[in-house]
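We count residues from 1, following the sequence as given. We count ligands from 1, going down the list as the structure has it; atoms in each ligand are counted the same way.
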Amino acid sequence: MSVLDQVINKAQSTVPMQRQVQGMQLFQKARQLAFGDKQPVFVEEEIPDVDEVALTDIDMSNPFMWRQGQWGPYFKRLRDEAPVHFRANSAFGPYWSVTRYDDIITVDKDFETFSAEPQIVIGAPPKGLDVEMFIAMDPPRHDEQRNAVQGVVAPQNLDEMEGLIRSRVQEVLDSLPVNEPFDWVDKVSIELTARMLATLLDFPYEQRRKLVYWTEVTAASASATGGTSKVDEMWRAVADMAKSFSALWHDKAARLAAGEKPGFDLITLMQMSEDTKDLINRPMEFLGNLILLVVGGNDTTRNSMSGGVYALNQFPEEFDRLKADHSLIPKLVPEIIRWQTPLAYMRRIAKKDTVLNGQFIRKGDKVVMWYASANRDERVFENPDDFIIGRPNARNHLSFGIGVHRCMGARLAELQLRILWEELLERFEDIEVVEEPEYAQSNFVRGYTKMMVSLTPIG
Ligand code: HEM
């Protein structure tokens with residue numbers, strides 16, 4: 001924890017959290033002026049075909065790889081020719097790319113050699129906005145904090161949530177325009193994800209889009225992932241989150257103290273756990289963990305909802321099979337998550353010198369585990385670029401990672417997708433993507449920003 005964080009944490013009892021965040025922003029602005037640290041600017045240029053590039057020049061951190069559809073051939077070449085590949089310089093500094101399935105499992109499972117601290121993205125968020133979250137902590141701290149909140153997605157809680165999720169999906173689908181193009185990303189993927197996040201947090205329902213906006217802004221800084229968020233905008237979002245979430249915390253604490261039956265939402269669970277019941281007094285950790293849950297659940301689930309529709313349009317025979325046999329839905333879900341791989345990677349730092357698949361990695365080196373490549377590794381998945389409902393090993397995808405950090409929300413994401421597809425196939429004969437989708441600028445999130453579709457109702 002930085003000295004600044006310690007000061008902030010101490011001040012919590014007397015100064016409202018959003019004021020502390022604003023104070024930090026001023027401090028960082030002054031620092032920026034004094035030391036001149038600036039966010040990088042990324043300008044899109046055409047990425048050459050992979051055969052025209054020297055192996056050592058391959059830079060998978062380019063935030064336009066995904067948007068330009070070049071990631072596939074680049075990863076294939078790395079898997080075949082340099083599965084543990086060193087890029088000596090990039091906008092994010094030097095880093096190793098690990099691209100084969102088996103090597104990624106080795107790294108992800110070995111937290112003693114490969115640390116998730118202090119960040120899991122390739123770069124670093126703007127100074128001061130590098131809030132603490134357990135996805136970027138090693139055991140034992142990681143385990144304590146994860147244990148405190150994972151009840152929110154425990155099977156029993158999910159069973160209770162299923163009916164609510166279904167009714168919200170039905171409401172959204174029944175309000176969609178039919179036989180006229182609309183943006184699926186906005187009207188379905190974002191809307192449903194916002195509703196799910198509001199449910200998890202017991203956040204004021206009518207303000208649910210704020211959760212999406214905040215996470216979009218905080219997760220997309222240029223220095224962290226090559227994204228487009230402005231630093232001032234990020235600070236404002238964090239201050240607003242601090243205000244909203246601390247109000248929610250105090251409101252819930254007061255209701256609990258007054259003897260109200262505890263709910264199963266995230267904040268109540270934090271308040272009930274020994275390890276996190278005083279989290280409000282550690283604002284950076286408090287914010288970090290809430291941001292983690294909303295960021296974790298936002299881009300990922302949302303882009304699986306868009307990716308599934310896109311994949312089925314790319315593979316119309318698979319779509320026909322699905323329409324003819326709805327019992328394929330449970331097999332559809334893992335294939336969507338494999339094919340899409342909503343988060344391209346997680347990053348680690350080597351804690352000691354080590355050797356990985358013949359390459360010598362030094363203590364302190366950045367190591368990027370490219371899940372997007374692992375899920376297309378032909379050593380594991382036959383015809384990996386094809387979308388095949390019922391692929392025998394689809395469930396072995398690495399989109400959720402593996403090891404101590406394996407995605408906490410995996411079952412919830414799967415539940416959401418299953419319900420979405422059950423309800424869609426009940427209503428619509430066809431969901432046609434009518435123009436090429438637009439993609440996010442990021443080396444981390446494989447996101448769709450717009451996808452125009454047209455629905456044909458059944459009957
Ligand atoms: C961790 C992907 C949905 C919450 C992760 C990791 C990945 C991931 C790759 C890191 C794994 C590792 O380092 O080994 C996804 C994908 C999703 C999804 C692809 C949807 C298709 C969700 C949802 C939530 C969530 C809905 C909200 C409840 C988290 C949390 C962590 C995490 C809290 C940190 C776990 C830890 O550090 O122990 N997710 N996620 N995720 N995810 Fe998800």
Nearest-neighbour protein heavy atom for atom 4 (C) of ligand 1, which is reported as residue plus atom name and distance: G409 N, 3.9 Å

Under 3.5 Å: N/O of H142 near N/O of ligand 1: yes

Option with minimal heavy-atom separation from atom 43 (Fe) of ligand 1, where the choices are A413, A136, C407: C407

Centroid separation W184 to Y448 less than 6.0 Å: no

The single option from W66, W71, F64 passing ring pair (Phe, Tyr, Trp, His ring centres under 6.0 Å) against Y439: W66

Option of least heavy-atom distance to atom 18 (C) of ligand 1 (set: T300, D299, L343, I120): T300

Test log, rule side chain to side chain donor-acceptor pair (under 3.5 Å), inputs T354 and R362: CA-CA 6 Å; T354 187; R362 276 181 202 287; over 6 Å; no

CA sep, side-chain torsions, deciding dist, call: E132, R282, salt bridge (Lys or Arg N to Asp or Glu O under 4.0 Å): CA-CA 10 Å; E132 296 203 62; R282 291 177 267 146; over 6 Å; no

Pi-cation contact, W370 with R376 (under 6.0 Å, within 45°): no

S399 touching ligand 1 at heavy-atom level, < 4.0 angstrom: yes

F92/F42 aromatic ring centres below 6.0 Å: yes

For P342, atoms of ligand 1 separated by under 4.0 Å from a heavy atom: 19 (C)

S399/N375 under side chain to side chain donor-acceptor pair (under 3.5 Å): CA gap, chis, key distance, verdict: CA-CA 7 Å; S399 300; N375 285 342; 2.9 Å; yes

Mode of H405 contact toward ligand 1 - side chain, backbone, both, neither (heavy atoms, under 4.0 Å): both

From CA spacing to verdict: side chain to side chain donor-acceptor pair (under 3.5 Å), Y95, D59: CA-CA 9 Å; Y95 68 96; D59 181 6; 2.6 Å; yes

Contact with ligand 1 for V152, non-hydrogen, under 4.0 angstrom: no

Under 4.0 Å to a heavy atom of V404 - the qualifying atoms of ligand 1, by number: 38 (O)

Check: Y345 ring centroid to F444 ring centroid under 6.0 Å: yes

Structural part of D108 in contact with ligand 1, heavy atom criterion under 4.0 angstrom: side chain

Location of contacts on F134 toward ligand 1, heavy atoms closer than 4.0 Å: both

Donor + acceptor pair across side chains of S306, S189 (<3.5 Å): yes

Nearest non-hydrogen protein atom, atom 28 (C) of ligand 1: L293 CD1, 3.5 Å

Ligand 1 N/O within reach of S304 N/O, cut-off under 3.5 Å: no

Heavy atom of the protein closest to atom 23 (C) of ligand 1 (residue, atom name, distance): G297 CA, 3.4 Å

Taking atom 22 (C) of ligand 1 as the reference point, the nearest protein heavy atom with its distance: G296 O, 3.2 Å

Which segment of R348 sits under 4.0 Å of ligand 1 when only heavy atoms are counted: side chain

Proximity to ligand 1 by part of V149, non-hydrogen separation under 4.0 Å: neither

